[in-house]
2 protein chains.
Amino acid sequence: MKDSKIIDVAREAQVSVATVSRVLNDSRHVSPSTKAKVLKAIEYMNFTPNASAKNLRSQKTRTIGVVVSDIHSSYFAEIVKGIENMANALKYKIIICDTQNEKEKELEFMSLAMNRTVDGIIFVSPVISNRDIAAFCERGYSAAVIGRHVEHPDIPCAYTDNVKLAREVMQHLLEMGHRRIAFISGYADAIDSYERLEGYLKALRDAELPFVPDLVENGDFNETEGYLAFKRLWEKNPDMTAVFAANDEMALGVFKACRELGIPVPGRLAVVGVDNNRVTKYTSPTLSTVDQPNYAMGALLVEKFIDQMNDNDFIDKRVFKVDSKLKIRESSDFRLNRET
Amino acid sequence: MKDSKIIDVAREAQVSVATVSRVLNDSRHVSPSTKAKVLKAIEYMNFTPNASAKNLRSQKTRTIGVVVSDIHSSYFAEIVKGIENMANALKYKIIICDTQNEKEKELEFMSLAMNRTVDGIIFVSPVISNRDIAAFCERGYSAAVIGRHVEHPDIPCAYTDNVKLAREVMQHLLEMGHRRIAFISGYADAIDSYERLEGYLKALRDAELPFVPDLVENGDFNETEGYLAFKRLWEKNPDMTAVFAANDEMALGVFKACRELGIPVPGRLAVVGVDNNRVTKYTSPTLSTVDQPNYAMGALLVEKFIDQMNDNDFIDKRVFKVDSKLKIRESSDFRLNRET
DNA sequence: ATGAAAGCGCTAACAT
DNA sequence: ATGTTAGCGCTTTCAT
């Protein structure tokens with residue numbers, strides 16, 4: 001079946017291509033009778049306007065690129081869903097780039113903006129630097145960011161306060177009587193890792209507790225590294241009583257290590273993660289974690305981003321700091337007896 | 001910054017646009033010196049070829065649409081990752097459509113093929129009917145399917161044998177001494193549900209056990225429905241000793257219900273899921289499940305699909321039935337004492 | 001209200 | 001080996 005084009009429709013309806021185009025788009029300056037004729041011809045010819053031609057002519061694609069580290073994780077999947085649903089509602093499409101934290105792949109993906117395959121890119125990946133994103137923007141491309149704040153007048157962002165989030169987790173653990181609290185970080189170069197570690201440090205300082213380097217280990221945001229990091233920690237710190245993992249996947253790794261080592265959770269060790277992964281309510285024990293409105297962040301940001309791209313004198317608010325919420329569940333809901 | 005176009009480069013390099021185009025593409029019939037000149041001009045002008053123009057001219061977009069039910073599930077996320085990585089390696093892009101099983105959204109997404117935004121669509125969603133997909137193909141669009149077999153000469157597919165898979169799970173449970181085995185299905189209209197239920201039935205028949213309708217409940221492939229379905233089952237069948245859930249998410253819901261009801265797993269109740277979700281190794285008890293090579297299926301299929309789209313007399317194999325593998329873990333690794 | 005025609009930026013057939 | 005030119009299918013300005 002060969003696609004029909006606008007000129008075929010025009011011929012069929014005995015009008016000019018301009019008229020068909022008008023019917024296809026605004027259709028304001030078309031008489032009802034002509035409009036009806038054209039619509040009928042479109043229907044009859046089974047006509048669908050060619051997107052490439054439209055894109056070329058309009059210099060827009062109504063497509064947004066989305067860069068994520070790993071779509072196979074609750075955090076990113078929820079954000080992507082939010083973006084995708086809102087984008088679709090606004091007649092936009094999204095092209096996904098799953099980078100596995102390979103900076104090279106992220107950089108390569110930017111070429112889709114340069115060759116105008118996408119109208120703009122949303123970075124949900126924590127690895128690329130703010131500087132790279134700002135530079136990208138300076139070169140005339142549209143960018144938006146989820147998960148952190150980029151100081152740039154043209155870059156919309158939505159994020160939670162990781163430092164505050166980490167402090168709240170720590171405060172909860174401190175209130176439960178814990179004093180030797182370990183921290184399992186994510187990738188060393190992920191911004192979330194930095195910020196959550198910073199919150200960990202500030203909480204220690206507030207509580208006038210010393211920072212013990214042995215109580216910190218790097219993971220990679222995955223279960224296996226959480227498991228291994230915990231084993232290293234436990235080896236070095238037999239007296240620790242709590243673990244704060246920078247995300248839920250790593251906390252699950254800690255759970256597994258604890259079962260193998262016969263460490264009761266939360267009786268002997270409290271565990272807290274971050275992200276409110278959908279499984280955390282279904283583990284045993286249920287996992288204390290921090291809920292972030294991921295889906296909503298994605299939806300909100302893409303909406304503002306699209307607004308901005310279509311409106312040169314966009315003056316609306318661009319920076320969204322959303323609240324996260326500590327969910328205390330079984331894995332940390334146990335008060336240490338300080339007298340013991 | 002205004003984009004430079006091919007004619008700007010031509011002017012800069014003092015050659016014709018055709019020569020620039022040749023350098024950009026095959027570059028066979030270009031002398032080394034001209035080529036160098038052009039390359040230098042491209043570099044100097046910071047030129048990137050416009051994708052829309054190229055797409056319009058070549059009538060191809062090197063973009064594939066991917067329809068999934070829910071990217072926020074291990075099964076789909078792994079498949080999508082496989083598709084995305086292989087597609088990128090072949091210089092293709094993917095546009096995702098997360099349908100939440102809304103058939104309407106799937107149908108709408110097909111318009112991207114009609115208006116030539118994508119070169120073809122891979123359906124990973126279990127809801128759309130084989131007939132709809134075949135019809136789509138008959139209208140001249142390229143389609144491929146993951147997760148089941150569509151009888152059509154032009155539709156590549158990769159899938160596992162759901163009936164066999166379900167029989168193997170049942171055989172395992174039967175061997176462990178179970179006789180009253182419940183089945184929690186997924187969406188009533190998902191093909192995976194049908195087929196796994198069929199396997200469940202055939203296994204019962206093979207074992208000369210009666211089919212008891214009260215032992216089957218529908219879920220929706222999510223944790224919450226798994227939880228609720230199990231509660232209904234338990235109410236009706238206090239004597240059941242095993243549950244086969246059509247996917248892991250629902251099995252996690254069963255775990256939660258068991259903890260609340262004080263049912264020891266696997267001591268009193270065996271539980272088996274499907275998908276080998278990444279968390280199943282980290283739950284307590286670890287969950288018996290069925291591993292399918294999701295990532296590999298996605299990668300393999302998209303590779304063949306791209307081959308086929310670019311080669312009219314493609315004669316390569318189109319149907320890939322891949323093996324799944326039962327993973328017996330703690331949740332079902334307990335032999336009932338038949339004498340009790 | 002409708003039509004004619006000029007491009008959007010690129011590729012490829014044809015000419016030299 | 002290199003250049004000229006006709007479109008790909010659409011939108012939009014400018015006429016009428």
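Please read all numbers here as calculations on a predicted model, not as lab measurements. Order of the sequence lines fixes the chain letters, A, B, ..., with proteins taken first and strands second; residue numbering starts at 1 for each chain.
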So, is [X] near the phosphate of [N], with a side-chain N or O under 4.0 Å from OP1 or OP2?
| X | N | answer |
| --- | --- | --- |
| A:T34 | C:dT2 | yes |
| B:K54 | C:dT11 | yes |
| B:S31 | D:dT2 | yes |
| B:S52 | C:dC8 | no |
| A:Q59 | D:dT11 | no |
| A:S16 | C:dT2 | no |

How many Å lie between [atom1] on [X] and [atom2] on [N], as a whole number?
| X | N | atom1 | atom2 | result |
| --- | --- | --- | --- | --- |
| A:R11 | C:dG3 | CZ | C1' | 15 Å |
| B:K37 | D:dG3 | NZ | C1' | 13 Å |
| A:L56 | C:dA6 | CG | P | 17 Å |
| A:N50 | C:dC10 | CG | P | 17 Å |
| A:M114 | C:dC10 | CE | C1' | 20 Å |
| B:I42 | C:dG9 | CD1 | C1' | 14 Å |
| A:K35 | C:dT2 | NZ | C1' | 16 Å |
| B:N115 | D:dG9 | CG | C1' | 12 Å |

- B:A53 or B:H29, whichever maps to the more 5' nucleotide of DNA chain D: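 Per heavy-atom nearest nucleotide, the more 5' residue is B:H29.
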[X] side chain: which of [options] is closest?
| X | options | result |
| --- | --- | --- |
| B:R22 | D:dT2, D:dC8, D:dC10 | D:dT2 |
| B:V17 | D:dT4, C:dA6, C:dG3 | D:dT4 |
| B:N25 | D:dC10, D:dG9, C:dT11 | C:dT11 |
| B:R57 | C:dA13, D:dG9, C:dT11 | C:dT11 |
| A:K5 | D:dC8, D:dG3, D:dT12 | D:dC8 |
| A:I6 | D:dC10, C:dC8, C:dA5 | D:dC10 |
| B:A18 | C:dA1, D:dT4, C:dA5 | D:dT4 |

- So which one's nearest nucleotide on DNA chain C is more toward 5', A:S58 or A:Q14?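 The 5'-side residue here is A:Q14.
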- NZ/NE/NH1/NH2 to OD/OE distance under 4.0 Å, B:K105 and A:E84: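 So B:K105 pairs with A:E84 through a salt bridge.
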- Message: Parallel, tilted or perpendicular: which one describes the rings of B:F123 and B:F136, with boundaries at 30° and 60°?
- Response: perpendicular
- Item | B:Y159-B:F320 aromatic ring centre distance below 6.0 Å | no
- Item | Minimal non-hydrogen separation, A:A190 against A:F221, with atom names | CB-CE1, 3.8 Å
- Main-chain N/O of B:S21 paired with B:N25 side-chain donor or acceptor, under 3.5 Å: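 Side chain of B:N25 to backbone of B:S21: a pair is present.
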- Answer yes if the side chains of A:R139 and B:N46 hold a donor-acceptor pair under 3.5 Å, and no otherwise.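 No.
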